[in-house]
Enquirer: 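There's a structure below that I have some questions on.
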Amino acid sequence: MQPLQRISLAEQKFLLDGVAQGLRSDGRGLFDCRRVTFELGPIPTATGSCRLRAGETDLLVTVKADISKPSPLCPDSGQFQVAVECASSV
């Protein structure tokens with residue numbers, strides 16, 4: 001786990017000044033919402049997948065599951081793997 005990173009005093013001032021003026025760094029007003037879309041199954045080869053888009057943010061999640069025979073050396077043991085990939089969308 002990464003240690004908690006605090007923002008600098010200059011970043012704090014920038015954000016608080018924006019709130020006081022009713023602005024956000026992306027140009028939206030304080031109560032302006034981003035358009036959100038949600039799509040199920042965009043990756044047909046995955047066991048399950050979904051895509052969430054909120055403004056400029058794009059999140060893609062997939063799950064792949066396979067059932068296989070245990071190894072003859074360990075007939076009572078199974079296998080479970082988890083992989084996480086993160087990529088910037090900028």
Side-chain angles (χ1 to χ4, degrees):
M1 186 184 300
Q2 293 183 356
L4 181 65
Q5 294 182 346
R6 302 202 181 270
I7 62 174
S8 70
L9 291 176
E11 289 169 315
Q12 281 182 346
K13 183 174 177 358
F14 175 79
L15 292 172
L16 293 174
D17 286 347
V19 170
Q21 295 174 38
L23 301 172
R24 294 185 187 184
S25 61
D26 62 4
R28 289 182 290 142
L30 289 179
F31 299 104
D32 293 339
C33 296
R34 296 184 287 179
R35 181 186 165 129
V36 175
T37 60
F38 189 76
E39 177 185 359
L40 291 175
I43 309 295
T45 57
T47 305
S49 63
C50 66
R51 181 179 208 160
L52 172 76
R53 292 180 182 176
E56 297 297 316
T57 301
D58 193 358
L59 176 67
L60 180 64
V61 177
T62 63
V63 175
K64 181 90 172 178
D66 290 316
I67 297 175
S68 60
K69 249 183 164 176
S71 161
L73 298 174
C74 301
D76 297 331
S77 298
Q79 185 177 7
F80 184 79
Q81 293 180 333
V82 175
V84 176
E85 295 180 26
C86 298
S88 173
S89 61
V90 191

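Computed from a predicted model, the values in this text were never measured in an experiment.
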Enquirer: Under 3.5 Å, side chain of T62 to main-chain N/O of A46, donor-acceptor pair present?
Expert: no
Enquirer: Got a second to check how far L30's CG is from L23's CG, nearest 0.5 Å?
Expert: 7.5 Å
Enquirer: Could you grab the distance from atom CG of L52 to atom CD of E39, nearest 0.5 Å is fine?
Expert: 11.0 Å
Enquirer: L40 and V61: same hydrophobic cluster, using ILVMFWY side-chain contacts below 4.5 Å?
Expert: yes
Enquirer: Mind running side chain to side chain contact (heavy atoms under 4.5 Å, CB included) on T37 and R35 for me, showing each step along the way?
Expert: CA-CA 7 Å; T37 60; R35 181 186 165 129; 3.8 Å; yes
Enquirer: According to salt bridge (charged side-chain N to carboxylate O under 4.0 Å, His left out), does anything in residues 5-20 pair up with another residue at least two apart or in another chain? List the pairs.
Expert: K13-D17
Enquirer: Let me check something: do L60 and V36 share a hydrophobic cluster, defined by ILVMFWY side-chain heavy atoms less than 4.5 Å apart, either directly or through other members?
Expert: no
Enquirer: Check the hydrophobic clustering (I, L, V, M, F, W, Y; side-chain heavy atoms under 4.5 Å; chains of links allowed) and say if I7 and F14 are grouped together.
Expert: yes
Enquirer: Where is the tightest heavy-atom contact between P70 and S77, given as atom of each residue plus distance?
Expert: CB-O, 3.4 Å
Enquirer: Just by modelled atom types, is the R28 backbone N or O under 3.5 Å from a matching donor or acceptor in the R24 side chain?
Expert: no
Enquirer: So, for T57 and R34, which heavy atoms are closest and what is the spacing to 0.1 Å?
Expert: OG1-NH1, 3.2 Å
